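If you read the sequence from its start, that first residue is 1, and numbering goes on from there. Only a predicted model underlies this, so the values are computations on that prediction, with no experimental measurement involved.
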Amino acid sequence: MPVQESAQLPVSHRDFGRVSVYFGERSGKYPDGNQILIRGSEVRTALDTPLVSNHIGPAFDDSEMVVLGHVHEDHIAGLHRLPNAPVYAHVLDLPTVQSWDGMLAAYGDMDPSQAAAMRANFERKFHYTPRPDAIGYEDGALWDLGSNRITAFHLPGHTAGHCALLIEPEEVLFIGDIDLTGFGPYYGDACSNLADFRRSLDAVARIPAKVWVTSHHRGIYTDREQFLHDLAIYTAKLTERESKLLTMLRSGPRTLSQLVEQRLLYPPGYDAAWVKGAERRTISQHLAELLADGRLVQHEDRYQLA
């Protein structure tokens with residue numbers, strides 16, 4: 001049986017026809033997220049299951065299917081409430097939801113003590129429960145809910161299987177962790193890819209929609225011009241990081257380890273378990289681009305301006 005939560009105040013939400021967007025705490029700021037529910041005439045469906053799903057009640061608990069836009073711990077925090085509902089994930093993210101080993105592989109190398117601590121944290125904070133029965137889907141997958149349909153658009157980069165999900169006829173596009181936050185794009189996991197993220201940021205603007213919903217922070221956009229404006233600012237974070245990395249190298253050659261200690265994403269001294277791995281993978285991808293562009297050269301293990 002689903003785990004029941006204590007009585008809560010009603011969760012704020014907004015409706016677009018048969019589509020409802022429930023807002024997580026602080027507009028879905030991590031560790032929470034924003035929840036989309038679709039009252040299909042034949043199949044009631046949830047897109048992702050963030051922490052807020054545990055406080056919605058029957059509107060969520062009556063969901064008959066879950067479609068995941070991508071797989072991270074904060075997007076599967078309500079799956080424990082729906083043990084009998086089929087769960088769909090893109091084939092490249094499928095191992096991440098099916099098992100703990102798959103989750104670890106997606107995040108990247110860490111020592112056993114870090115891995116054990118992370119699992120304990122996920123179980124405590126996110127009700128982490130693997131779903132070995134999850135079903136894979138591919139780009140262009142379509143789910144017919146009766147009155148509504150969902151179409152998947154593969155937009156990798158954040159994870160290998162990250163997708164946007166278009167709900168019709170309301171033309172609501174769930175863009176997941178292309179979340180337009182001030183932090184900017186995140187591509188620091190083992191399954192992430194900067195080049196893919198760049199292509200996805202270009203592609204998401206071309207998907208026809210009237211409403212755009214992010215997993216975190218921004219929530220809902222109904223004005224296309226505002227959406228495109230904020231998407232441009234979000235995309236510009238990639239250039240800002242590139243410029244910051246070049247500035248680090250102006251004072252002389254640096255090894256990857258030295259650049260990681262200086263930090264590109266997080267403040268120096270911020271040492272959560274995942275930080276150094278995320279910094280290493282993020283910086284490595286920017287270094288590879290700059291080397292390919294001829295703006296950097298590499299001598300043994302040191303990088304310097306060309």
Please answer: with hydrophobic residues joined when any side-chain heavy atoms are less than 4.5 Å apart, are [X] and [Y] in the same cluster?
{"X": "L228", "Y": "L201", "result": "yes"}
{"X": "I178", "Y": "V213", "result": "no"}
{"X": "V66", "Y": "F122", "result": "yes"}
{"X": "I36", "Y": "L145", "result": "yes"}
{"X": "F174", "Y": "Y88", "result": "yes"}

Where do [X] and [Y] come nearest, in terms of heavy atoms and distance?
{"X": "G33", "Y": "H216", "answer": "CA-ND1, 4.0 Å"}
{"X": "A134", "Y": "V97", "answer": "CB-CG1, 3.6 Å"}
{"X": "A152", "Y": "W143", "answer": "CB-CZ3, 4.0 Å"}
{"X": "P31", "Y": "L51", "answer": "O-CD1, 3.5 Å"}
{"X": "A105", "Y": "A190", "answer": "O-CB, 3.5 Å"}
{"X": "T282", "Y": "G188", "answer": "OG1-CA, 3.5 Å"}

Heavy-atom donor-acceptor pair, [X] side chain to [Y] backbone, under 3.5 Å:
{"X": "D177", "Y": "D179", "answer": "no"}
{"X": "Q285", "Y": "R281", "answer": "yes"}
{"X": "Y107", "Y": "G102", "answer": "no"}
{"X": "D133", "Y": "P86", "answer": "no"}
{"X": "R263", "Y": "V260", "answer": "yes"}
{"X": "Q298", "Y": "E300", "answer": "yes"}
{"X": "N148", "Y": "I38", "answer": "no"}

Taking the side chain as every heavy atom from C-beta outward, state whether [X] and [Y] have any atom pair closer than 4.5 Å.
{"X": "Y221", "Y": "V211", "result": "no"}
{"X": "V11", "Y": "V52", "result": "yes"}
{"X": "E279", "Y": "L264", "result": "yes"}
{"X": "T49", "Y": "F60", "result": "yes"}
{"X": "Y303", "Y": "T255", "result": "no"}
{"X": "L166", "Y": "E168", "result": "yes"}
{"X": "S20", "Y": "R39", "result": "yes"}
{"X": "L180", "Y": "H217", "result": "no"}

Derivation and outcome, ring pair (Phe, Tyr, Trp, His ring centres under 6.0 Å), residues H70 and H90
CA-CA 7 Å; H70 76 283; H90 188 276; over 10 Å; no
Donor-acceptor pair between [X] and [Y] side chains, under 3.5 angstrom:
{"X": "D189", "Y": "H72", "result": "yes"}
{"X": "D111", "Y": "S113", "result": "yes"}
{"X": "R254", "Y": "S257", "result": "no"}

Could you tell me whether [X] and [Y] make a salt bridge, using a distance below 4.0 angstrom between a side-chain N and a carboxylate O?
{"X": "D196", "Y": "R199", "answer": "yes"}
{"X": "R119", "Y": "E123", "answer": "yes"}
{"X": "D61", "Y": "R81", "answer": "yes"}
{"X": "E242", "Y": "R295", "answer": "yes"}

Step by step, work out the side-chain hydrogen bond (donor to acceptor under 3.5 Å, both in side chains) result for S99 and D101.
CA-CA 5 Å; S99 73; D101 286 345; 5.4 Å; no
Over 12 non-hydrogen atoms of neighbours within 6.0 angstrom of [atom1] in [X]:
{"X": "K210", "atom1": "NZ", "result": "no"}
{"X": "N121", "atom1": "CG", "result": "yes"}
{"X": "E138", "atom1": "CD", "result": "no"}

Kindly indicate, with the supporting measurements, whether the criterion side-chain hydrogen bond (donor to acceptor under 3.5 Å, both in side chains) is fulfilled by H286 and Y187.
CA-CA 11 Å; H286 280 284; Y187 39 93; 2.6 Å; yes
Decide yes or no on side-chain hydrogen bond (donor to acceptor under 3.5 Å, both in side chains) for H162 and D93, but give the supporting numbers first.
CA-CA 8 Å; H162 186 279; D93 277 7; over 6 Å; no
Walk me through whether Y234 and F183 qualify under ring pair (Phe, Tyr, Trp, His ring centres under 6.0 Å).
CA-CA 8 Å; Y234 182 76; F183 180 85; 9.3 Å; no
Rounded distance [0.5 Å steps], [atom1] in [X] versus [atom2] in [Y]:
{"X": "L238", "Y": "S243", "atom1": "CG", "atom2": "OG", "result": "11.0 Å"}
{"X": "L47", "Y": "L37", "atom1": "CG", "atom2": "CG", "result": "8.0 Å"}
{"X": "I76", "Y": "Y128", "atom1": "CD1", "atom2": "OH", "result": "6.0 Å"}
{"X": "H75", "Y": "T159", "atom1": "NE2", "atom2": "OG1", "result": "9.0 Å"}
{"X": "N54", "Y": "Q35", "atom1": "CG", "atom2": "CD", "result": "9.5 Å"}
{"X": "R250", "Y": "M248", "atom1": "CZ", "atom2": "CE", "result": "11.5 Å"}

If you take the centroid of each ring, where Trp contributes its six-membered ring, are Y30 and Y186 closer together than 6.0 Å?
no
Salt bridge (Lys or Arg N to Asp or Glu O under 4.0 Å), that's the test. Do D62 and R44 meet it? Break it down for me.
CA-CA 7 Å; D62 291 343; R44 300 173 68 94; 5.2 Å; no
side-chain hydrogen bond (donor to acceptor under 3.5 Å, both in side chains) between N193 and H158, worked out
CA-CA 7 Å; N193 186 280; H158 179 65; over 6 Å; no
Step by step, would you call K276 with E261 a salt bridge (Lys or Arg N to Asp or Glu O under 4.0 Å)?
CA-CA 8 Å; K276 287 189 177 180; E261 290 304 318; 3.3 Å; yes
Check whether F197 forms a cation-pi arrangement with R241 (NZ or CZ under 6.0 Å from the six-membered ring centre, at most 45° off the ring normal).
no
